Amino acid sequence: MTANPPSTPAATGSAPAGGWLAGKVALITGGGSGIGFAVARRYVAEGAKVAIVGRGADRIAAAAASIGDQAVALGLTGDVRSPEDMAAAVAKTVETFGKLDILVPNAGIWDYNRSVTRLSGQELSDSFDELFDINVKGYLLAVNAAWPELVKNRGNVVMTLSNASFHTAGGGPVYTAAKFACRGLVAQLAYELAPKVRVNGVAVGGMKTDLRGPESIGLKDRSIEDSFARQTTVGDNPYLPLHDASVEPDDYTGPFVMLASDANASVITGAIIPADGGIAVRGFRTAAGGDDL
Ligand SMILES: NC(=O)c1ccc[n+]([C@@H]2O[C@H](COP(=O)([O-])OP(=O)(O)OC[C@H]3O[C@@H](n4cnc5c(N)ncnc54)[C@H](O)[C@@H]3O)[C@@H](O)[C@H]2O)c1
């Protein structure tokens with residue numbers, strides 16, 4: 001077994017000319033909005049070229065154009081539940097930019113805190129299948145399509161995880177189980193793809209994005225942004241130890257750069273950085289059902 005070669009450029013503490021990801025090529029699922037879009041913009045600012053893949057041709061094309069010109073940003077249409085779409089996204093990225101170094105499995109939906117007590121058996125079954133297909137199978141299919149290219153360059157994977165990958169009250173049981181499952185993907189895939197490909201995750205906390213719900217239970221048009229409009233404090237306290245709910249996706253992009261960067265993270269795999277405003281310090285101060293049960 002061969003170890004990873006020494007990282008280049010050496011980790012000197014200051015960013016190399018051109019940025020921490022100079023010369024790298026990244027593919028980001030669900031990169032047309034929210035944290036995926038913020039990471040795409042930040043990766044380009046750090047010197048990378050990015051392909052974003054998601055649903056809605058016009059939306060993806062507009063998002064890519066707002067990130068940069070065709071020399072640095074490529075918009076691709078695809079559904080993360082489709083092995084063919086994921087294979088095509090990887091192929092098009094390599095055809096356009098010559099290689100693939102970094103994969104960010106990120107596309108997802110939320111379950112809008114639907115408790116087991118608020119779902120019929122059929123609703124639970126339908127929303128489980130839809131959400132796990134996107135949030136878990138979608139991540140695995142992206143890695144399945146990308147690993148042969150990542151191996152060629154000793155590349156890496158950075159998955160978008162969640163506070164719900166570790167804690168309760170970040171969603172209902174379906175979303176929480178799915179985000180815990182993605183912790184399993186980080187660990188198992190880091191094991192399977194070592195020593196050539198690193199696999200890590202960033203467990204982001206609540207952000208005002210356009211995160212939608214399962215179509216199968218009528219939540220396709222709900223946006224998580226509306227939930228934040230209702231809850232920014234708990235009593236007199238900020239929502240989280242570090243901040244209230246006014247943080248933006250851009251505020252979360254640093255760990256995605258660090259983990260993708262050879263100079264900063266060549267010895268890190270199977271790791272998950274919590275970037276959630278300190279939820280673990282205090283926990284959520286709310287109870288669940290109470291007298292409503
Ligand atoms: N917003 C939050 O509070 C929050 C908190 C923790 C974790 N996350 C995670 O962040 C990730 C990104 O979500 P976001 O908050 O940026 O919301 P978002 O809706 O802005 O981004 C999700 C993207 O995924 C795309 N997508 C959804 N289903 C898809 C499919 N089947 N195929 C292709 N693309 C699909 C959407 O079109 C969208 O562009 C998700 O994995 C989510 O679970 C979000």
Side-chain angles (χ1 to χ4, degrees), residues 27-41 51-64 75-86 88-89 104-113 129-139 141-142 158-167 169-172 174-183 185 201-216 219-229 231-232 239-240 245-253 255-256 272-277 279:
L27 173 62
I28 301 173
T29 72
S33 61
I35 183 64
F37 179 68
V39 170
R41 275 200 314 206
I52 56 174
V53 57
R55 295 188 289 189
D58 292 347
R59 196 161 157 249
I60 283 289
L76 300 168
T77 310
D79 191 308
V80 295
R81 293 169 286 190
S82 159
E84 294 80 14
D85 285 3
M86 290 300 95
V104 181
N106 164 80
I109 57 174
W110 192 43
D111 67 358
Y112 281 84
N113 284 327
D129 289 349
E130 183 179 352
L131 193 145
F132 265 72
D133 266 4
I134 296 172
N135 290 24
V136 183
K137 189 171 80 177
Y139 278 27
L141 288 177
V158 185
M159 294 188 182
T160 303
L161 273 61
S162 169
N163 51 286
S165 297
F166 293 92
H167 308 293
V174 172
Y175 183 77
T176 303
K179 286 299 184 189
F180 267 69
C182 292
R183 276 172 69 185
L185 293 184
V202 182
V204 298
M207 297 167 292
K208 286 181 291 182
T209 66
D210 195 28
L211 190 60
R212 301 299 180 95
E215 185 173 4
S216 54
L219 294 173
K220 179 171 75 71
D221 295 324
R222 282 279 295 275
S223 176
I224 198 173
E225 192 165 13
D226 303 334
S227 308
F228 281 102
Q231 186 182 13
T232 60
Y239 180 59
L240 297 168
S246 62
V247 287
E248 299 291 340
D250 286 342
D251 297 317
Y252 292 87
T253 58
F256 287 87
I272 300 168
I273 296 179
D276 60 13
I279 289 170

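Because only heavy atoms are used, hydrogens play no part in the values below, and waters and symmetry mates are left out as well, while side chains stay in. Whatever order the structure lists them in is the order used to number ligands and atoms, beginning at 1. Everything quoted here is computed from the prediction, not taken from an experiment.
- Protein heavy atom nearest atom 26 (N) of ligand 1, with residue, atom name and distance: Ala107 CB, 3.8 Å.
- Distance from atom 44 (C) of ligand 1 to its nearest protein heavy atom, with residue and atom name: Met207 CE, 3.6 Å.
- Side-chain atoms of Ser223 and Asp210 form a donor-acceptor pair, as typed in the model, at a separation below 3.5 Å.
- Between Phe132 and Val174 the shortest heavy-atom distance is CE1-O, 3.5 Å.
- The contact set between ligand 1 and Leu161, taken as ligand atoms under 4.0 Å from a residue heavy atom, comprises 7 (C).
- Scanning both residues, Leu76 and Ile60, for their nearest heavy atoms gives N-CG2, 3.2 Å.
- In this structure, atom 42 (C) of ligand 1 has a protein heavy-atom contact shorter than 4.0 Å.
- Here Arg81 has side-chain heavy atoms under 4.0 Å from ligand 1, and that is the only part of it that gets that close.
- Each of the following atoms of ligand 1 lies closer than 4.0 Å to a heavy atom of Asp210: 19 (O), 20 (O).
- Annotation: Asn135 places no N or O atom under 3.5 Å from an N or O atom of ligand 1; distance criterion only.
- The shortest side-chain heavy-atom distance between Ile279 and Phe166 does not fall under the 4.5 Å cut-off.
- With a 4.0 Å heavy-atom cut-off, ligand 1 is reached by the backbone of Leu211 and by its side chain too.
- At under 3.5 Å, not a single nitrogen or oxygen of Thr160, backbone or side chain, sits near a nitrogen or oxygen of ligand 1.
- The atoms of ligand 1 that sit less than 4.0 Å from any heavy atom of Arg59 are 37 (O), 39 (O).
- Annotation for ligand 1: atoms under 4.0 Å from non-hydrogen atoms of Tyr139 are 41 (O).
- An N or O contact shorter than 3.5 Å links Val80 to ligand 1 by distance.
- At least one N/O-N/O distance between Ile35 and ligand 1 falls below 3.5 Å.
- Only the side chain of Thr209 comes within 4.0 Å of ligand 1, counting heavy atoms alone; its backbone N, CA, C and O stay farther away.
- Below 4.0 Å from some heavy atom of Tyr175 lie the following atoms of ligand 1, by number and element: 6 (C), 7 (C), 8 (N), 9 (C), 42 (C), 43 (O).
- Distances from atom 6 (C) of ligand 1 to the heavy atoms of Ile134, Ile60, Val204 show the closest one on Val204.
- Annotation: atom 29 (C) of ligand 1 to nearest protein heavy atom, Arg55 NE, 3.4 Å.
- Looking at atom 18 (P) of ligand 1, its nearest protein heavy atom turns out to be Ser33 OG, 3.5 Å.
- Of the listed options Ala142, Gly205, Ala89, Gly205 places a heavy atom closest to atom 5 (C) of ligand 1.
- Which parts of ligand 1 touch Gly34 is read off a 4.0 Å heavy-atom cut-off, strictly below it: atoms 16 (O), 20 (O).
- Closest to atom 40 (C) of ligand 1, if we only count protein heavy atoms, is Asn106 O, 3.2 Å.
- The contact set between ligand 1 and Gly78, taken as ligand atoms under 4.0 Å from a residue heavy atom, comprises 32 (N), 33 (C).
- Here the side chains of Asp85 and Val80 are not in contact, with every heavy-atom distance at 4.5 Å or above.
- Using a 4.5 Å cut-off on side-chain heavy atoms (C-beta onward), Val53 and Met86 make contact.
- Remark: minimum distance from atom 31 (N) of ligand 1 to any protein heavy atom is reached at Asp79 OD1, 3.0 Å.
- Shown in contact with Gly30 at under 4.0 Å from a heavy atom are these atoms of ligand 1, numbered in order with element: 23 (C), 24 (O), 25 (C), 39 (O).
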